[in-house]
Number of protein chains: 2
Amino acid sequence: MEQEKVEKLLRAKLKERGLKITQQRLLVLSTLAKSSGNHMAAEELYAQIQQQYPEIGLATVYRTLQLLYEMQLIDRINLDDGCVRYEIGHLFEGEMKHSHHHLICRKCGKVFPFDGDLLDGLETHIQEKTGFHIVDHELKFYGVCKQCMEQE
Amino acid sequence: MEQEKVEKLLRAKLKERGLKITQQRLLVLSTLAKSSGNHMAAEELYAQIQQQYPEIGLATVYRTLQLLYEMQLIDRINLDDGCVRYEIGHLFEGEMKHSHHHLICRKCGKVFPFDGDLLDGLETHIQEKTGFHIVDHELKFYGVCKQCMEQE
DNA sequence: TTTAGTGCAAACTATTTGCACATCA
DNA sequence: TGATGTGCAAATAGTTTGCACTAAA
């Protein structure tokens, strides 16, 4: 749906920086856009992209993710499962998702997203008090999910 | 100062579980207690403990950290620098530190702790709404620190 | 004495890097 | 064309695991 918008912005941002527009870069971003809300690791992305473009290399996926992250087109999440995960940037998510947090179950390991942008007040408070300019945040809650609670 | 309290609790908790009280376990926890607020990685702890107890192995440090974490005696923090870090559990920190968050500068990489326990309301809200039982949280803010902002 | 715990070295996994080749501007 | 980007394989870094030995109960 927003695929075109995503691609267009990437092309513009790459040109702006004097970087080349390649199939690989377009594919990495559009694959992330398609699987919105999925927290994909580099290997998973690699596997998925290979279906369309078998000659892509894993190293390219890593390099591209780093680039897209620096360009603020994608978000990075660390769910403590041993790999860094990415999702399409909150810039693209429009109205529906401002920012979401993660509930991580310590028993079963499942990750539940929780929507809600209740940190804005806190952010301005911190900026005023410390002079630190905040551009993003990551909030994780650890505990025991409903099902695991009931299983005891 | 609180060294004795820390050691006493560890002994009690180990006995409770039928686990053995070893020099290594006592050392890992007390070293973390001494360097409170330091976010130590396994390798750093290992280096520091070796000064007192040179025969300790790195694998033991890793295994012990995992055990102490499961016992809720230490907290785990991930500052995106490629290694997991630990600090003495918030249980021990008494009045002064309830919970603190981290401001991570994307330019210089420095980490600034920020005290404040402003998440309690949010936690009860989530528990009521989702049934997820929260025991801990990790909140990180990304942005640009005061010094780096001024350097532009 | 007996089982849990340790130290060492090897294995593993996610990620990064060097380099020759390919590709976009 | 000429630099930037890519794919591959090798290197790296953090962490885990197998196993014989040690030490706590």
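Every chain is numbered from 1 and lettered A, B, ... according to where its sequence line falls, protein lines coming before strand lines. All figures in this text were calculated on a predicted structure; none of them were measured in a lab.
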Separation of [N] [atom2] from [X] [atom1] (nearest whole Å):
X: A/Ile49; N: D/dG7; atom1: CD1; atom2: C1'; answer: 14 Å
X: B/Glu44; N: D/dT15; atom1: CD; atom2: P; answer: 11 Å
X: B/Arg25; N: D/dA23; atom1: CZ; atom2: C1'; answer: 12 Å
X: B/Leu67; N: C/dA4; atom1: CG; atom2: C1'; answer: 12 Å
X: B/Leu14; N: C/dA4; atom1: CG; atom2: P; answer: 14 Å
X: A/Gln50; N: D/dG7; atom1: CD; atom2: C1'; answer: 12 Å
X: B/Leu79; N: D/dG14; atom1: CG; atom2: P; answer: 14 Å
X: B/Leu27; N: C/dG7; atom1: CG; atom2: C1'; answer: 15 Å

| message | Test question: given the 4.5 Å side-chain rule for I, L, V, M, F, W and Y, name all other residues clustered with A/Val135, or answer none. | response |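 Its cluster mates, by chain and number: none.
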
| Just by protein heavy atoms under 4.0 Å, how would nucleotides 14-25 of chain C read 5' to 3' in B, S and -? | SBBBB-----BS

| query | Reckon A/Tyr53 touches a base, only the sugar-phosphate, or nothing at all at heavy-atom distances under 4.0 Å? | reply |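 Sugar-phosphate contact only.
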
| field | Taking every non-hydrogen atom, the tightest pair across A/Val111 and A/Pro113 | value |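 Looking at all heavy atoms of both residues, the shortest contact is O-CD, 3.9 Å.
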
| Those residues that, when tested against B/Glu43, pass salt bridge (charged side-chain N to carboxylate O under 4.0 Å, His left out) (two or more places apart) |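 Applying salt bridge (charged side-chain N to carboxylate O under 4.0 Å, His left out) to B/Glu43 gives none.
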
| Among all residues two or more places apart in sequence or in another chain, which pass the salt bridge (charged side-chain N to carboxylate O under 4.0 Å, His left out) test with A/Glu70? |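 So A/Glu70 forms no salt bridge (charged side-chain N to carboxylate O under 4.0 Å, His left out) with any residue.
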
Please list, one pair per line, the donor and acceptor atoms closer than 3.5 Å that link side chains of residues 16-30 of chain A to other protein atoms, with sequence neighbours excluded.
residue : atom : partner : partner atom : Å
A/Thr22 : OG1  : A/Arg25 : N            : 3.2
A/Gln24 : NE2  : A/Tyr53 : OH           : 3.4
A/Arg25 : NH1  : A/Lys20 : O            : 2.8
A/Ser30 : OG   : A/Leu26 : O            : 3.2
A/Ser30 : OG   : A/Leu27 : O            : 3.4

| query | So which pairs with a foot in residues 60-69 of chain A pass side chain to side chain donor-acceptor pair (under 3.5 Å), sequence neighbours left out? | reply |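 Residue pairs passing side chain to side chain donor-acceptor pair (under 3.5 Å), neighbours aside: A/Tyr69-B/Arg106.
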
